[in-house]
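We're numbering straight along the sequence, starting at 1. Everything quoted here is computed from the prediction, not taken from an experiment.
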Amino acid sequence: KTKAPAEPPKKIVHTISYSWPYVDLDTAVEEATYIVYGRVTDISKPQLHEVIASDGEPFREYHRHVTVEVISQLKGENTDSTVLFRERAGESDDEIYIVEGCKNVALDDEILLFASEHGTYLSPATLIPVVDGVIDPIEQMRPENISSMRSGEINVFDYLDAVENKLGTE
């Protein structure tokens, strides 16, 4: 008799839900500690961080440290060729951590990131995937002054120019 291959152990899935603030492009530009377009070069294993929720109860938060090689940085004090941000969620050998409404990054992904002082994105809308040099941000993250940017895909450098113009008017 041939023995069937053993099934890999099933992973425990944790789904986490946050109440995200509404963030539009003007708010993101104003509140971001740094704004970076870059490529993901390293992702740590998920790490546990316990915080105290607004109701005073302890809350377990999982995150991964993501290293991003800077292609263009529009805001922030960083002078290095990389930035580090904390991505909520991730996957370990035996568990998967999913945050509703968030996309997880992968190695070699290109992203546009509006990050908080804590090294996390301001909301899921402020972590924008870049595919073949274009982005497709949700409506509130689109510049209102460029009519071609109101729907569909936008060249990432045209978008960066629009963000830079907003930074110049702060």
Side-chain angles (χ1 to χ4, degrees), residues 7-25 27-29 31-54 58-76 78 80-142 149 151-157 159-160 163:
E7 281 190 37
K10 298 215 183 300
K11 294 186 177 191
I12 299 168
V13 177
H14 304 275
T15 302
I16 304 160
S17 182
Y18 289 100
S19 293
W20 295 100
Y22 175 85
V23 178
D24 61 14
L25 183 57
T27 306
V29 168
E31 292 184 3
T33 301
Y34 61 89
I35 302 170
V36 172
Y37 165 44
R39 185 178 63 81
V40 175
T41 58
D42 191 45
I43 303 171
S44 74
K45 290 198 178 291
Q47 299 175 20
L48 171 63
H49 178 74
E50 198 164 287
V51 296
I52 303 300
S54 59
F59 175 76
R60 295 170 63 148
E61 179 177 85
Y62 297 91
H63 66 274
R64 305 184 305 172
H65 290 158
V66 177
T67 304
V68 178
E69 180 181 50
V70 175
I71 296 170
S72 179
Q73 181 164 350
L74 301 182
K75 186 176 181 182
N78 181 54
D80 296 334
S81 61
T82 61
V83 295
L84 187 68
F85 87 93
R86 283 187 6 208
E87 176 187 58
R88 292 180 170 109
E91 187 170 338
S92 68
D93 293 337
D94 54 354
E95 296 179 292
I96 300 172
Y97 310 102
I98 298 169
V99 176
E100 289 180 346
C102 295
K103 305 170 211 83
N104 289 343
V105 298
L107 282 176
D108 294 321
D109 280 358
E110 286 188 8
I111 60 170
L112 177 57
L113 172 66
F114 295 77
S116 75
E117 65 185 323
H118 306 293
T120 59
Y121 35 81
L122 300 172
S123 80
T126 63
L127 174 62
I128 305 170
V130 180
V131 179
D132 296 328
V134 297
I135 62 173
D136 191 7
I138 64 173
E139 185 176 344
Q140 74 244 26
M141 288 298 293
R142 294 178 175 276
M149 292 191 185
S151 64
E153 295 180 336
I154 304 169
N155 176 286
V156 68
F157 291 105
Y159 188 88
L160 293 174
V163 170

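Closest of all the heavy-atom pairs between Leu74 and Ser72 is CD2-OG, 4.0 Å. Shortest non-hydrogen contact noted between Ile52 and Pro58 is CD1-CA, 4.0 Å. For the pair Pro137 and Met141, the tightest heavy-atom approach, listed with the atom from each and the gap, is CB-CB, 3.9 Å. When all heavy atoms of Pro124 and Cys102 are compared, the closest pair comes out as CG-SG, 3.6 Å.
By the 4.5 Å heavy-atom criterion applied to side chains, Trp20 and Thr126 are not counted as neighbours. For the pair Leu122/Ser116, a side-chain contact is recorded, criterion being any heavy-atom separation below 4.5 Å from C-beta on. At least one side-chain heavy atom of Arg86 sits under 4.5 Å from a side-chain heavy atom of His65. Side-chain contact between Glu110 and Val156: absent, with no pair of heavy atoms (C-beta onward) separated by less than 4.5 Å. Side-chain contact between Arg88 and Tyr121 is present, with heavy atoms from C-beta onward closer than 4.5 Å. Side-chain contact between His63 and Thr120 is absent, with no heavy-atom pair separated by less than 4.5 Å. The shortest side-chain heavy-atom distance between Val23 and Phe114 does not fall under the 4.5 Å cut-off. Residues Leu112 and Leu160 are in side-chain contact: their nearest non-hydrogen atoms beyond the backbone lie under 4.5 Å apart.
For the atom pair CD of Glu87 and CD1 of Ile43, the computed distance is 6.5 Å after rounding to the nearest 0.5 Å.
A donor-acceptor pair is defined here as one N or O able to donate and one able to accept, closer than 3.5 Å; no such pair exists between the side chain of Arg142 and the backbone of Ile154. Checking side-chain atoms of Lys75 against main-chain N and O of Ala32 turns up a donor-acceptor pair under 3.5 Å.
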Could you check Asn104 against Arg64 for side chain to side chain contact (heavy atoms under 4.5 Å, CB included), going step by step and ending with a plain yes or no?
CA-CA 10 Å; Asn104 289 343; Arg64 305 184 305 172; 3.9 Å; yes
Show the numbers, then the answer: is there a side chain to side chain contact (heavy atoms under 4.5 Å, CB included) between Asp42 and Thr82?
CA-CA 10 Å; Asp42 191 45; Thr82 61; over 6 Å; no
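Ring centers of Phe85 and Tyr34: at least 6.0 Å apart, outside the cut-off.
Checking Glu117 against Thr33 by side-chain atom types alone, no donor-acceptor pair falls below 3.5 Å.
More than 12 heavy-atom neighbours from other residues, nucleotides or ligands sit within 6.0 angstrom of CG on Asp80.
Residues meeting the side chain to side chain contact (heavy atoms under 4.5 Å, CB included) test with Asp24, sequence neighbours left out: Tyr22, Asp26, Thr27, Gln140.
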